[in-house]
Amino acid sequence: MGVLVEVDPAWLGQQVREPSARGIATSLIDLIRQGTLRPGARLPTVRNLARALGVSPSTIAEAWSELRKHRMIGTEGRRGTVVLGPPGVPHPARYERIGDFGSRLAIDLAIAAPDRTLLPPLDAALATATSAEGFNGYVRETITPRLRAAVGPTWPFPAQSWLALGGGYEGVQLLCQTTALPGDRVAIEEPTAARLLDILEMIGVEVVPVACDEDGPIPAALAESLRSSPVAFVYQPRGHSPCGYAVPESRSAELARLLEPTNTLVVEDDGIGDLSTEPLSSIGTRLPGRTVLVRSYSKSHGPDLRLAIIGGAAEAVERVRVLRSYGTGWTSRILQDTLAHLLTDPATQSIVEQARTAYARRRASLATLLSARGVHTGGRDSLVLWVPVHDESEALVTLAAHGISAAPGSRYRIRPGRPHLRLAIAALTEEPTELGELADVIALAAKRPGADRH
């Protein structure tokens, strides 16, 4: 380790052009970008720099907060506050694959992608879409009339406004981004989708965890989280990743009762949509003016459609529409009307139903085999299994040694908890002998070393 460079507060004070929080932050950003303040340099304490500039410590703290948000400075224990480097694009660390066990893994249970053999063909739907009225026009349509007509009857509550987007997580991200400011609080399930944690970390909000049981968010836990006045509550009403929860109607009613007297926006993430085996019990049936449902069609109808629909509270949907107008503006009408054709085509509906049945069978088969080997998974509705293990790292190494990849459960948690692995089931073999052998390896990885030895 190199010699630690301590920045003199008097010198730094002379570099600041405007002694406001924004002025201090801007001056340091320039110094870091120019390389005058190099990574590893230790900055003065808040009090010492405040004294040098003749401002309050809270002004320095606010400037430091802005620099931390852009990951240009950080606190490193006894080293104090140090320069990390120029601003960069934050990486979704949980979403990007963690743990590289090589390229020879034969069975990928880490990515919950659909089985391509169970997806509907797109040829006829695409051909129909290219002949639609308004094709290649430059009108910014939030949702095409055909798609609006196709999804409307499937929505669990009367949506005040609609918008077609480029995937479910784009919908969740934009709703969170247009609702929460850095430092705001957002209540979410614990555990939850890894990408949601990345999104909220990028926005800079304070995450308020809500504990769950087999029926989803626990009412007492939600009540406790609402005491901190979160601006949004984001949860999965069914097909929960990673745990496989589905919220029944009675639980949904309890959650709505707790949310009713608040101003909290409810964001419902219906990630597997038509592949779910459970009905969707939406808080929107009771709070339609404060709920937005995000439904993805990637896993059911094709990832390359890159389509999701958000429908619900008009003000929240409008904020997303306005933000999108700075970029893409609207979602391809070709893709929208392709999905509209698929949603109303009887042959496609039959294919999706077959896929839903196949995924449920694969999930249940592996869960049953693991239970027979002493590994109990729980959950009832998703494209993954949440598998308890003795030690995540040891379990991942054991699976990798047998050519199998999986996702560590810690990636989906806000707080430390019992170790788990998340296993994707969509592409599982249905051959009994092979599936039994896979269950043997997973059970071996899950248990404490030597647990079955006498």
Side-chain angles (χ1 to χ4, degrees), residues 142-143 147-165 167-180 186-189 192-193 196 208 210 212 215-219 221-223 225-226 229-241 245-297 300 307-321 343 381-382:
T142 56
I143 186 169
L147 185 54
R148 166 69 179 82
V151 300
T154 71
W155 225 248
F157 63 95
Q160 297 173 350
S161 190
W162 300 90
L163 192 59
L165 296 167
Y169 279 111
E170 183 183 32
V172 172
Q173 176 193 335
L174 292 177
L175 283 163
C176 291
Q177 192 173 344
T178 54
T179 300
V186 173
I188 63 173
E189 298 158 306
T192 191
L196 175 58
V208 183
V210 178
C212 297
D215 288 333
I218 299 170
L222 177 62
S225 77
L226 292 176
S229 301
V231 296
F233 169 48
V234 186
Y235 82 111
Q236 300 169 65
R238 62 179 181 176
H240 180 274
S241 176
Y245 308 142
V247 179
E249 183 63 25
S250 58
R251 176 63 60 85
S252 180
E254 288 185 81
L255 300 177
R257 179 180 57 80
L258 293 169
L259 287 157
E260 185 172 12
T262 74
N263 294 316
T264 302
L265 176 70
V266 179
V267 178
E268 298 182 324
D269 177 15
D270 189 20
I272 63 172
D274 290 349
L275 296 179
S276 177
T277 59
E278 298 289 323
L280 194 155
S281 297
S282 172
I283 291 173
T285 59
R286 295 170 176 84
L287 302 176
R290 291 235 315 282
T291 303
V292 181
L293 173 65
V294 182
R295 177 170 291 166
S296 172
Y297 296 89
S300 57
L307 267 177
I309 306 296
I310 65 173
E315 184 178 345
V317 175
E318 175 63 7
R319 288 196 299 262
V320 173
R321 185 200 67 78
L343 292 175
D381 180 42
S382 70

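By convention here, the first residue in the shown sequence is residue 1.
- To the nearest 0.5 Å, atom CD1 of residue Ile272 and atom OG of residue Ser296 are 10.0 Å apart.
- Checked options Val247, Thr192, Asp269; the residue passing with Tyr235 is Val247 (criterion: side-chain contact (heavy atoms from CB on, under 4.5 Å)).
- Of all non-hydrogen atoms in Arg238 and Gly273, the two that sit nearest each other are NH2-O, 3.2 Å.
- A 4.5 Å side-chain heavy-atom check between Val210 and Ile218 finds every atom pair outside the cut-off.
- The backbone N or O of Ala314 sits less than 3.5 Å from a side-chain atom of Gln160, completing a donor-acceptor pair.
- Side-chain atoms of Arg319 come within 3.5 Å of backbone N or O of Thr178 as a donor-acceptor pair.
- With hydrogens and angles disregarded, no donor-acceptor distance shorter than 3.5 Å links the side chain of Ser252 to the backbone of Pro248.
- Leu226 places a side-chain heavy atom less than 4.5 Å from the side chain of Leu258.
- Between Leu165 and Val294 the shortest side-chain heavy-atom distance does not fall below 4.5 Å.
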**Message:** side chain to side chain contact (heavy atoms under 4.5 Å, CB included) for Ile143 and Leu163? Distances and angles first, verdict last.
**Reply:** CA-CA 5 Å; Ile143 186 169; Leu163 192 59; over 6 Å; no
**Request:** Begin with the C-alpha distance, continue with both residues' side-chain angles, and end with the deciding distance and a verdict on side-chain hydrogen bond (donor to acceptor under 3.5 Å, both in side chains) for Thr262 and Arg290.
**Result:** CA-CA 10 Å; Thr262 74; Arg290 291 235 315 282; 3.1 Å; yes
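- Using a 4.5 Å cut-off on side-chain heavy atoms (C-beta onward), Leu287 and Leu259 make contact.
- Pro288 approaches Pro158 most closely through the heavy-atom pair CB-O, 4.4 Å.
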**Message:** Does Cys212 form a side chain to side chain contact (heavy atoms under 4.5 Å, CB included) with Glu189? I'd like the steps, not just the answer.
**Reply:** CA-CA 7 Å; Cys212 297; Glu189 298 158 306; 3.7 Å; yes
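- A donor-acceptor pair under 3.5 Å is absent between the side-chain atoms of Arg251 and the main chain of Ala246, judged by distance alone.
- A salt bridge links Glu249 and Arg286; the closest N-O separation between the charged side-chain nitrogens and carboxylate oxygens is under 4.0 Å.
- Put simply, CG on Asp215 and OG on Ser281 are 10.0 Å apart, with the number rounded to the nearest 0.5 Å.
- Using a 4.5 Å heavy-atom cutoff, the side chains of Val234 and Leu196 are in contact.
- When all heavy atoms are compared, the tightest approach of Val292 to Ala313 is CG2-N, 3.8 Å.
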**Item:** side chain to side chain contact (heavy atoms under 4.5 Å, CB included) evaluation trace for Ile283 with Phe157
**Value:** CA-CA 9 Å; Ile283 291 173; Phe157 63 95; over 6 Å; no
**Prompt:** Would Asp270 and Tyr297 satisfy side chain to side chain contact (heavy atoms under 4.5 Å, CB included), going step by step from the backbone distance to the final call?
**Reply:** CA-CA 9 Å; Asp270 189 20; Tyr297 296 89; over 6 Å; no
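- Using a 4.5 Å heavy-atom threshold, the side chains of Phe233 and Val267 count as separate.
- One N or O on the side chain of Thr179 and one on the backbone of Leu175 form a donor-acceptor pair closer than 3.5 Å.
- Under the 4.5 Å side-chain criterion, counting only non-hydrogen atoms from C-beta, Leu280 is not in contact with Glu278.
- For the residue pair Ser241 / Gln236, no side-chain donor-acceptor distance below 3.5 Å is found, with atom types taken as modelled.
- The backbone N or O of Asp274 sits nowhere less than 3.5 Å from a side-chain atom of Ser300 that would complete a donor-acceptor pair.
- At least one side-chain heavy atom of Leu293 sits under 4.5 Å from a side-chain heavy atom of Pro156.
- Heavy-atom minimum distance, Gly311 versus Ala159: C-CB, 3.7 Å.
- Between the side chains of Thr154 and Arg295, a donor-acceptor pair is found at a separation under 3.5 Å.
- In the displayed structure, Glu315 atom CD is contacted under 6.0 Å by at most 12 heavy atoms of other residues, nucleotides or ligands.
- Between the side chain of Trp162 and the backbone N or O of Ile310, no donor-acceptor pair lies under 3.5 Å.
- A donor-acceptor pair is defined here as one N or O able to donate and one able to accept, closer than 3.5 Å; no such pair exists between the side chain of Asp381 and the backbone of Ser276.
- Contact between Ala187 and Pro230 at its shortest, heavy atoms only, is N-CB, 3.8 Å.
- Residues Ala308 and Gly167 share a closest heavy-atom pair of CB-C, 3.3 Å.
- One finds a salt bridge joining Arg321 and Glu318 here, because a Lys/Arg side-chain nitrogen approaches an Asp/Glu carboxylate oxygen to under 4.0 Å.
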